[in-house]
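A, B, ... follow the sequence lines: proteins, then strands. Residue 1 opens every chain. Note that the structure is a prediction, hence the values are computed from the model and not measured.
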Amino acid sequence: MPELPEVETVRRGLGPRVIGRRIVTADAHRPDLRIPLPENLSKRLVGRRIVRLDRRAKYILAHLDDGAVLIIHLGMSGRLVVHDRPPNSVAPHEHVRIGFQGGVTVSYTDHRRFGLITLCDEAELAGHRFFARLGPEPLDDAFTGAVLAERLADKATPIKAALLDQTVVAGLGNIYVCEALYHAGLGPRRLARTVKSERAERLVVAIKDVLERALEAGGSSLRDYVQASGELGYFQNAFAVYDREGEACPGCDCGTGVRRIVQSNRSTFYCAKRQR
DNA sequence: CGGCAAACCTGCGAGC
DNA sequence: TGCTCGCAGGTTTGCC
């Protein structure tokens with residue numbers, strides 16, 4: 001579910017509520033999500049404070065005051081919601097709950113359990129299997145057309161699949177890849193290695209633009225995603241093509257409208273007229 | 001190694 | 001109304 005804008009929105013909503021507050025409870029309600037939860041979660045967290053909340057790709061990283069890092073990924077259906085007080089009942093599929101001094105409580109719910117929560121030491125972070133191979137952050141100034149073209153240069157795969165590859169660029173998912181390709185005017189089946197110079201530049205501009213607009217809207221709420229406050233995002237209303245099969249794409253009156261195809265087992269939505 | 005399908009798991013909407 | 005099928009913001013595995 002959550003791609004970069006959703007994860008970043010959750011991080012921004014969470015930060016002011018939890019940074020600097022002492023953790024007083026940490027409970028897992030089952031042994032595992034996609035991978036096992038830390039066995040000693042409570043022991044590792046209670047008494048600690050979160051000193052910094054970062055995001056890398058689609059991971060949220062809570063740096064603790066003892067040098068440990070709590071790593072959280074929301075998978076397809078994970079939610080992190082902050083409550084003023086501990087809820088008096090356990091929500092369906094609420095797998096982890098962390099309580100802070102003063103009553104603020106963060107609940108992790110995830111009915112599909114494709115997400116994960118784990119711990120590592122700060123020193124291991126860069127070399128960690130989740131992070132060692134990740135591509136650049138798309139919103140960094142260092143992410144330019146030249147950089148993207150370089151990373152696509154040897155790829156014999158469709159540009160759609162290449163952009164979903166987190167080792168090419170980190171944080172994009174199915175929605176924002178479809179949207180970025182639309183705004184860049186690039187066909188999803190185009191060979192990745194043919195995206196260079198001017199086309200790569202256009203694509204980078206489109207990626208940054210769509211991510212920034214989605215961030216302003218608090219992300220896209222389709223099924224499961226909510227902000228840390230519980231509010232919905234509303235960028236879904238601004239989709240040009242995603243989940244709009246058969247509709248006319250904005251500013252284009254081609255008869256066929258938005259088409260849906262399947263690439264690497266995922267739906268791709270695009271306009272055959274605007275995207276080449 | 002590169003590229004793609006399938007698997008992981010649950011829920012919901014469409015269609016019969 | 002009630003069932004089955006297909007599909008869902010992700011990542012990893014295993015097969016060619």
Side-chain angles (χ1 to χ4, degrees), chain A residues 1-11 29-37 55-60 71-80 91-95 108-118 128-135 138 151-181 188-193 207 210-211 213-215 217-227 232-246 260-269:
Chain A
M1 164 250 283
E3 306 180 30
L4 187 154
E6 289 76 31
V7 177
E8 177 63 16
T9 298
V10 168
R11 185 192 73 82
H29 304 154
R30 56 171 298 123
D32 60 333
L33 296 171
R34 199 179 86 212
I35 63 172
L37 288 159
R55 179 193 56 75
R56 175 75 171 109
K58 300 168 191 169
Y59 295 87
I60 289 174
I71 300 169
I72 303 171
H73 193 292
L74 302 177
M76 289 282 264
S77 57
R79 294 180 173 192
L80 276 175
H93 305 290
E94 180 183 343
H95 305 308
Y108 179 88
T109 63
D110 184 358
H111 65 86
R112 293 180 75 180
R113 304 202 303 273
F114 287 173
L116 66 85
I117 297 180
T118 191
H128 193 284
R129 63 183 173 109
F130 295 155
F131 307 108
R133 286 162 34 81
L134 285 178
R151 303 185 75 86
L152 296 175
D154 60 344
K155 295 238 163 255
T157 194
I159 185 65
K160 165 73 190 306
L163 294 180
L164 284 175
D165 181 347
Q166 302 296 295
T167 70
V168 170
V169 54
L172 300 181
N174 206 34
I175 290 179
Y176 298 107
V177 167
C178 290
E179 293 294 307
L181 286 173
R189 289 191 260 223
R190 168 182 284 277
L191 231 46
R193 62 169 171 249
I207 288 169
V210 74
L211 293 178
R213 288 188 295 122
L215 270 169
S220 302
S221 289
L222 297 184
R223 278 161 284 274
D224 305 302
Y225 165 73
V226 295
Q227 305 185 29
L232 299 176
Y234 53 89
F235 190 70
Q236 66 278 9
N237 301 310
F239 291 167
V241 289
Y242 184 81
D243 208 17
R244 296 202 184 283
E245 184 180 15
R260 173 182 175 276
I261 57 173
V262 175
Q263 294 178 284
S264 8
N265 270 357
R266 318 280 313 265
S267 288
T268 299
F269 300 90

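Taking only side-chain nitrogens and oxygens, A:K155 comes nearer than 4.0 Å to OP1 or OP2 of B:dG3. A:H111 has no side-chain polar atom (N or O) that falls below the 4.0 Å cut-off from OP1 or OP2 of B:dC12. Taking 4.0 angstrom as the limit, A:T157 places none of its side-chain polar atoms (N or O) nearer than this to OP1 or OP2 of B:dG2. Contact between the side-chain N/O atoms of A:H93 and the OP1/OP2 oxygens of B:dT10 is not found at any separation under 4.0 Å. Distances shown here put every side-chain N or O of A:R34 at or beyond 4.0 Å from the OP1 or OP2 atom of C:dT11. Between A:S267 and C:dA8 there is a side-chain polar atom (N or O) within less than 4.0 angstrom of OP1 or OP2.
When rounded to the nearest whole Å, the span between CG of A:L74 and P of B:dC8 equals 22 Å. The CG atom of A:D154 sits 13 Å away from the P atom of B:dC1 (whole-angstrom rounding). When the P atom of B:dC8 is taken as reference, atom CG of A:L116 falls 18 Å away, rounded to whole Å. A straight line from CE of A:M76 to C1' of C:dT11 spans 10 Å, rounded to a whole angstrom. At whole-Å resolution of the value, CG in A:L134 and P in C:dG10 are 14 Å apart.
Nucleic acid contact for A:N174: sugar-phosphate only, since backbone atoms but no base atoms lie under 4.0 Å from a heavy atom of the residue. Counting any heavy atom pair closer than 4.0 Å across all strands shown, A:P158 reaches sugar-phosphate atoms only and no base atom. Residue contacts for A:R223: at a heavy-atom cut-off of 4.0 Å it reaches a base atom on one of the strands shown. Backbone-only contact: A:Q166 has heavy atoms under 4.0 Å from sugar-phosphate atoms and none from a base.
Using a distance-only test at 3.5 Å, with no hydrogens or angles considered, no donor-acceptor pair links the side chain of A:E8 to the main chain of A:P5. Between the A:R151 side chain and the A:V168 main chain, a donor and an acceptor come within less than 3.5 Å of each other.
Contact of A:R112 with C:dA8 (side chain to base): a donor-acceptor pair of N or O atoms is detected under 3.5 Å.
Donor-acceptor pairing under 3.5 Å is lacking for the side chains of A:T167 and A:R133. In the model, A:Y176 has a side-chain atom that pairs as donor or acceptor with a side-chain atom of A:E6 under 3.5 Å.
Of the two residues contacting DNA chain B, namely A:R30 and A:Q263, the nearest-nucleotide position lying further toward the 5' end is that of A:Q263.
Remark: aromatic rings of A:F239 and A:F269 are distant, center separation not under 6.0 Å.
In this structure, A:F114 packs face-to-face on the six-membered ring of B:dC8, meeting both the 5.5 Å centre cutoff and the 30° plane limit.
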